[in-house]
**Student:** 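Got a structure for you, questions after.
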Amino acid sequence: VIGIPYPGNPGKYFLITTDAIEWTFLNGLRYNVIDMSLDGGRGDIVPTQKNVQLGFMSSEMIAAVQHENGEDFWLVTHEAFSNRFQIYEITSAGINPTPQFFAAGPNLGLPTGALKISPNRKKMSITCNAPSARCLLVMDFNPGTGSLTNPIEIMHPLNTQIYGTEFSPNNSKVYFTTLDQLWQVDLSLGTQQAIINSKTLIHSGATIRHLGMQRAVNGNIYIASGYYDKLHIISNPNLAGAACGFLWEGLDLG
């Protein structure tokens, strides 16, 4: 689920949903329009704009980012069981129902995980879990045109399922998680091969259960832990290697 302001329509928002793997993605990509003036100012879904179908067989992965013009937005998704991205433009006229399609990387395979846009809106990362190609796919993103170019496949050395990904605040690093490992990749290096070779294991352990990752306004990256009431923390995510300051169970939620 992701919420996006409706450009040029104060008090209105798009609520975008994807179906889940438990339902084999059959309900696809849908949107709702929320109008905060409804229900006495408490807000409600506009009845004629509820669960509107956008795309079929969309994966669980979704992201949104502001357009280069500072007003509109891009909605980025990926088809399930495919290697195609779908990119929708959102303007004051609504969501353009005809997306741009970009084919890149391997077939997504098991279509769960994460899709993220870097803070400067110039990079995108997505976890890919095809049985023969479990990798992090990193691409250049153009916030003016919504286009994707220059894919880099960063393979997991043990061909293990990859789940979470996130960018550092200064855009120089990208991180990804498996169920028991945390990896860092340096995007500031000059060539694709140098970027691939920079892959660094930050932490490993069977009890860690790394899952989703989220960059916060304080600059930290927080990592969900599958079976614990604590969050892992990357406290200096701009820095390379061990200097990134990984803290296992650094934040207690209990």
**Student:** Applying the salt bridge (charged side-chain N to carboxylate O under 4.0 Å, His left out) test to Glu166, which of Lys123, Lys173, Lys116 qualifies?
**Tutor:**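 Only one option passes, and that is Lys116.
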**Student:** For a quick test of reading the model, state the closest non-hydrogen atom pair linking Pro7 to Asp72 and the distance between them.
**Tutor:**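 Shortest heavy-atom contact: CB-OD1, 3.9 Å.
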**Student:** Does OH in Tyr13 sit with more than 12 non-hydrogen atoms of other residues, nucleotides or ligands closer than 6.0 Å?
**Tutor:**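 No - once you tally the heavy atoms of other residues, nucleotides and ligands closer than 6.0 Å, there are 12 at most.
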**Student:** Evaluate Ile195 against Asp186 for side chain to side chain contact (heavy atoms under 4.5 Å, CB included), listing each step before the verdict.
**Tutor:** CA-CA 6 Å; Ile195 291 171; Asp186 192 338; over 6 Å; no
**Student:** Quick one: does any side-chain atom of Ser168 pair with a main-chain N or O of Asn238 as donor and acceptor, under 3.5 Å?
**Tutor:**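 Looks like no, no N/O pair under 3.5 Å.
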**Student:** Taking atom CZ of Phe101 as the centre, report whether more than 12 heavy atoms of other residues, nucleotides or ligands fall under 6.0 Å from it.
**Tutor:**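 Yes, because the 6.0 Å sphere around CZ of Phe101 holds more than 12 heavy atoms from other groups.
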**Student:** If you define the side chain from C-beta out and look only at heavy atoms, does anything of Val52 sit under 4.5 Å from Leu54?
**Tutor:**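 No, too far: nothing below the 4.5 Å cut-off.
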**Student:** Of Arg84, Glu60, Gln86, which meets side-chain hydrogen bond (donor to acceptor under 3.5 Å, both in side chains) against Thr77?
**Tutor:**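 So the option named by the test is Gln86.
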**Student:** Identify whether Trp183 and Ile233 are in the same connected component of the hydrophobic contact network (ILVMFWY, side-chain heavy atoms under 4.5 Å).
**Tutor:**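 Cluster IDs for Trp183 and Ile233 differ.
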**Student:** Evaluate side chain to side chain contact (heavy atoms under 4.5 Å, CB included) for Ile234 paired with Asn236, printing each intermediate quantity in order.
**Tutor:** CA-CA 6 Å; Ile234 305 174; Asn236 293 293; over 6 Å; no
**Student:** What pair of heavy atoms forms the shortest contact from Pro169 to Pro119, and how long is it?
**Tutor:**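 Looking at all heavy atoms of both residues, the closest pair is O-CG, 3.7 Å.
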**Student:** Working to the nearest 0.5 angstrom, can you tell me the gap between Ile162 CD1 and Asn129 CG?
**Tutor:**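 These two atoms lie 6.0 Å from each other.
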**Student:** Hydrophobic clustering (ILVMFWY, side-chain heavy atoms < 4.5 Å, transitive) - are Leu38 and Tyr31 grouped together?
**Tutor:**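 Yes, Tyr31 and Leu38 fall within the same hydrophobic cluster.
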**Student:** Walk me through whether Glu79 and Met57 qualify under side chain to side chain contact (heavy atoms under 4.5 Å, CB included).
**Tutor:** CA-CA 6 Å; Glu79 292 178 335; Met57 294 299 289; over 6 Å; no
**Student:** Out of curiosity, Asn27 CG to Thr17 OG1, how far, rounded to the nearest 0.5 Å?
**Tutor:**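 Separation between the atoms: 8.5 Å.
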**Student:** Can you name the closest pair of heavy atoms from Leu137 and Cys128 and give their distance?
**Tutor:**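 Taking every non-hydrogen atom into account, CB-SG, 3.8 Å.
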**Student:** Does Asn220 reach the main-chain N or O of Ala216 with its side chain, forming a donor-acceptor pair under 3.5 Å?
**Tutor:**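 No, because the side chain of Asn220 does not come within donor-acceptor range (under 3.5 Å) of the backbone of Ala216.
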**Student:** Say whether Ile152 and Phe85 are linked into one hydrophobic cluster, either directly or through other cluster members, by side-chain heavy-atom distances under 4.5 angstrom.
**Tutor:**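 They do not share one cluster, since no chain of ILVMFWY contacts under 4.5 Å joins Ile152 to Phe85.
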**Student:** Please tell me if the side chains of Leu148 and Gln100 come closer than 4.5 Å, counting only heavy atoms from C-beta onward.
**Tutor:**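 No, too far: nothing below the 4.5 Å cut-off.
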**Student:** Output, in order, the C-alpha distance, side-chain angles, deciding distance and verdict of side chain to side chain contact (heavy atoms under 4.5 Å, CB included) for Leu29 and Tyr88.
**Tutor:** CA-CA 11 Å; Leu29 181 70; Tyr88 296 84; 3.6 Å; yes
**Student:** With salt bridge (Lys or Arg N to Asp or Glu O under 4.0 Å) as the criterion, how do Lys122 and Asp140 come out once you've worked through the C-alpha distance, each side chain's angles and the decisive distance to 0.1 Å?
**Tutor:** CA-CA 6 Å; Lys122 294 183 179 181; Asp140 292 338; over 6 Å; no
**Student:** Kindly give the heavy-atom pair with the smallest separation between Thr18 and Ser58, and that separation in Å.
**Tutor:**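 For Thr18 and Ser58, the tightest heavy-atom pair comes out as CG2-OG, 4.1 Å.
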**Student:** Taking side chain as C-beta onward, heavy atoms only, is Ile87 less than 4.5 Å from Leu75?
**Tutor:**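 Not in contact.
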**Student:** Among Ile90, Ile4, Val33, whose side chain to side chain contact (heavy atoms under 4.5 Å, CB included) with Ile95 holds?
**Tutor:**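 Exactly one pass, corresponding to Ile90.
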**Student:** Indicate if Ile2 and Tyr163 have the same hydrophobic cluster label, given that clusters are the connected sets of ILVMFWY residues with side-chain heavy-atom separations under 4.5 angstrom.
**Tutor:**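 Different hydrophobic clusters.
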**Student:** Is a side-chain N or O of Arg121 found less than 3.5 angstrom from the main chain of Ser118, in a donor-acceptor match?
**Tutor:**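 Absent.
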**Student:** Walk me through it: do Thr127 and Thr165 pass the test side chain to side chain donor-acceptor pair (under 3.5 Å)?
**Tutor:** CA-CA 7 Å; Thr127 58; Thr165 181; over 6 Å; no
**Student:** Are any of the side-chain heavy atoms of Lys199 and Phe176 separated by less than 4.5 Å?
**Tutor:**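 Lys199 vs Phe176: side chains touch.
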**Student:** What distance separates His203 NE2 from Thr177 OG1, expressed to the nearest 0.5 Å?
**Tutor:**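 With rounding to 0.5 Å, NE2 (His203) is 13.0 Å from OG1 (Thr177).
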**Student:** Do the non-hydrogen side-chain atoms of Ile34 and Lys12 ever get within less than 4.5 Å of each other?
**Tutor:**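 They are not in contact (no side-chain heavy atoms under 4.5 Å apart), so the answer is no.
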**Student:** For Tyr175 and Gln184, does a side-chain donor sit closer than 3.5 Å to a side-chain acceptor?
**Tutor:**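 Gln184 and Tyr175 do have a side-chain donor-acceptor pair below 3.5 Å.
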**Student:** List in chain and number order the residues that pass ring-ring contact (aromatic ring centres under 6.0 Å, His included) with Phe102, two or more places apart in sequence or in another chain; answer none if no residue qualifies.
**Tutor:**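 Phe102 satisfies ring-ring contact (aromatic ring centres under 6.0 Å, His included) with no residue once adjacent residues are dropped.
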**Student:** Identify, with sequence neighbours excluded, every residue that meets side-chain hydrogen bond (donor to acceptor under 3.5 Å, both in side chains) alongside Asn83.
**Tutor:**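 Checked Asn83 against side-chain hydrogen bond (donor to acceptor under 3.5 Å, both in side chains); zero matches.
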**Student:** On a heavy-atom basis, which atom in Ile117 and which in Ala63 lie closest, and how many Å separate them?
**Tutor:**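 For Ile117 and Ala63, the tightest heavy-atom pair comes out as CG1-CB, 4.1 Å.
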**Student:** Using modelled atom types only, decide if a donor and an acceptor are shared between the side chain of Asn32 and the backbone of Lys50 within a distance under 3.5 Å.
**Tutor:**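 No; judged by distance alone, with no hydrogens or angles, the pair does not exist.
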**Student:** Can you classify the ring geometry of Phe246 versus His232 as parallel (below 30°), tilted (30 to 60°) or perpendicular (above 60°)?
**Tutor:**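 Rings of Phe246 and His232: tilted, 30 to 60°.
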**Student:** Nearest 0.5 Å please: distance from the CD atom of Gln181 over to the CD1 atom of Ile202.
**Tutor:**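 One gets 11.5 Å once the value is rounded to the nearest 0.5 Å.
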**Student:** Do the ring planes of His67 and Trp74 sit parallel (below 30°), tilted (30 to 60°) or perpendicular (above 60°)?
**Tutor:**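 Parallel.
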**Student:** Should Phe141 and Ile62 be counted in the same cluster of Ile, Leu, Val, Met, Phe, Trp and Tyr side chains packed under 4.5 Å apart?
**Tutor:**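 No, separate clusters.
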**Student:** For Asp44 and Asp35, indicate whether the former's side chain and the latter's backbone hold a donor-acceptor pair under 3.5 Å.
**Tutor:**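 Checked: no pair found.
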**Student:** Between Ser82 (side chain) and Ala80 (backbone), is there a donor-acceptor pair under 3.5 Å?
**Tutor:**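 Between the backbone of Ala80 and the side chain of Ser82 there is no qualifying donor-acceptor contact (under 3.5 Å).
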**Student:** Using side-chain heavy atoms (C-beta onward) and a distance below 4.5 Å, is His78 in contact with Ile126?
**Tutor:**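 In short, these two side chains touch, coming nearer than 4.5 Å.
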**Student:** Does any N or O in the side chain of Gln53 come within less than 3.5 Å of the main-chain N or O of Gly55, such that one atom is a donor and the other an acceptor?
**Tutor:**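 Answer holds: yes.
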**Student:** Short question: side chain of Asn142, backbone of Thr145 - any donor-acceptor pair under 3.5 Å?
**Tutor:**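 Present.
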**Student:** Say you draw a straight line from OG1 of Thr178 to CD of Gln161; how long is it, rounded to the nearest 0.5 Å?
**Tutor:**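 The CD atom of Gln161 is 9.0 Å from OG1 of Thr178, to the nearest 0.5 Å.
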**Student:** Do you know which two heavy atoms are closest between Ser59 and Leu108, and how far apart they sit?
**Tutor:**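 That closest heavy-atom pairing would be CB-CD2, 3.8 Å.
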**Student:** Evaluate the side-chain proximity of Met213 to Tyr222: yes if any heavy-atom separation is below 4.5 Å, no if none is.
**Tutor:**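 Not touching, per the 4.5 Å side-chain cut-off.
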**Student:** Could you check whether any side-chain N or O of Arg215 sits under 3.5 Å from a backbone N or O of Phe167, counting only pairs where one atom can act as donor and the other as acceptor?
**Tutor:**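 Yes; judged by distance alone, with no hydrogens or angles, the pair exists.
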**Student:** A side-chain contact here means heavy atoms from C-beta on lying under 4.5 Å apart; do Ser172 and Leu187 qualify?
**Tutor:**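 Not touching, per the 4.5 Å side-chain cut-off.
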